[in-house]
Q: 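Can you keep this structure in mind? I'll have questions shortly.
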Amino acid sequence: MTEKQWQFWIDRGGTFTDIIARHPDGMLSSHKYLSENPERYKDAAVFAMREIMGVANGDDFPSDNVAAIKMGTTVATNALLERDGEATLLLVSKGFKDALLIGQQHRADLFAMSPSRPQPLYDQVIE
């Protein structure tokens, strides 16, 4: 990795994709794109990097000029929490099967005489 290359840090969310770009001269810039915008692009992150670097749509992506692309996303976490999307298998080590059920002890009514527990994120436990 050389100092004279681009670096990108990308957060792909359900609504927006946020990008921090480090230009070859060391300058940092921040950018925000709609995560889904089919009229303009198929993938927000790829479109953003090309636009920030000034690379035309039909041109090859200049990967030799990019030192790092680091990407994180909340899309999968949000789908799990919203109980949306496909069923998922979670494997945990012995002794941790109740970690999702116990959670963080957050309760809507802390002093309720008959507290209710939210529905767990899983349907069944197989041992």
Side-chain angles (χ1 to χ4, degrees):
M1 179 167 74
T2 68
E3 295 293 319
K4 302 292 182 191
Q5 291 180 309
W6 290 90
Q7 294 182 43
F8 296 96
W9 298 277
I10 303 167
D11 176 25
R12 167 78 164 73
T15 304
F16 292 105
T17 295
D18 297 298
I19 295 104
I20 302 293
R22 181 179 178 152
H23 300 241
D25 64 3
M27 183 185 84
L28 296 175
S29 61
S30 64
H31 310 266
K32 185 178 284 284
Y33 293 82
L34 284 172
S35 293
E36 307 247 344
N37 192 346
E39 294 82 30
R40 286 191 69 202
Y41 44 79
K42 290 182 182 179
D43 183 89
V46 173
F47 179 84
M49 289 185 292
R50 294 177 73 85
E51 186 171 81
I52 294 165
M53 294 171 71
V55 177
N57 240 353
D59 294 349
D60 289 338
F61 185 81
S63 57
D64 291 347
N65 294 340
V66 178
I69 300 171
K70 298 181 181 182
M71 186 170 208
T73 182
T74 57
V75 174
T77 304
N78 290 345
L80 175 67
L81 294 174
E82 294 167 3
R83 293 170 170 77
D84 188 22
E86 297 299 318
T88 304
L89 174 66
L90 173 66
L91 300 173
V92 296
S93 300
K94 186 176 183 178
F96 288 93
K97 71 179 183 183
D98 59 352
L100 287 177
L101 181 62
I102 293 170
Q104 297 181 15
Q105 297 295 321
H106 292 190
R107 295 187 291 272
D109 187 358
L110 185 60
F111 300 106
M113 296 299 284
S114 299
S116 62
R117 180 178 286 189
Q119 180 153 352
L121 294 175
Y122 56 84
D123 292 327
Q124 65 185 39
V125 174
I126 301 171
E127 292 188 42

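These numbers come from a predicted model, not from an experiment.
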Q: Considering all heavy atoms of both residues, which atom of Leu28 and which atom of Arg22 are nearest to each other, and what is their separation?
A: CD2-CB, 3.6 Å

Q: Please report the shortest heavy-atom distance between Gly13 and Ser35, naming the atom on each side.
A: O-OG, 2.6 Å

Q: Mind jotting down which residue pairs meet the salt bridge (charged side-chain N to carboxylate O under 4.0 Å, His left out) criterion with at least one end in residues 54-68? Sequence neighbours excluded, please.
A: none

Q: Indicate the atoms forming the closest heavy-atom contact of Thr17 with Ala44, along with that distance.
A: OG1-CB, 3.7 Å

Q: Can you list everything that forms a side-chain hydrogen bond (donor to acceptor under 3.5 Å, both in side chains) with Ser29? Sequence neighbours excluded, please.
A: His23, His31

Q: Any salt bridge (charged side-chain N to carboxylate O under 4.0 Å, His left out) involving residues 32-56? Give me the pairs, sequence neighbours left out, ordered by first then second residue.
A: Arg12-Glu36, Asp18-Lys32, Arg40-Glu51

Q: Which heavy-atom pair separates Gly14 from Val75 by the least distance, and what is that distance?
A: N-CG2, 4.0 Å

Q: If I take atom OG1 from residue Thr74 and atom CG from residue Asp11, how far apart are they, to the nearest 0.5 angstrom?
A: 5.5 Å

Q: Among Ile, Leu, Val, Met, Phe, Trp and Tyr joined by side-chain contacts under 4.5 Å, find the other residues sharing a cluster with Phe16 and list them by chain and number.
A: Trp6, Phe8, Ile10, Ile19, Tyr33, Leu34, Tyr41, Phe47, Met49, Ile52, Met53, Val55, Phe61, Val66, Ile69, Met71

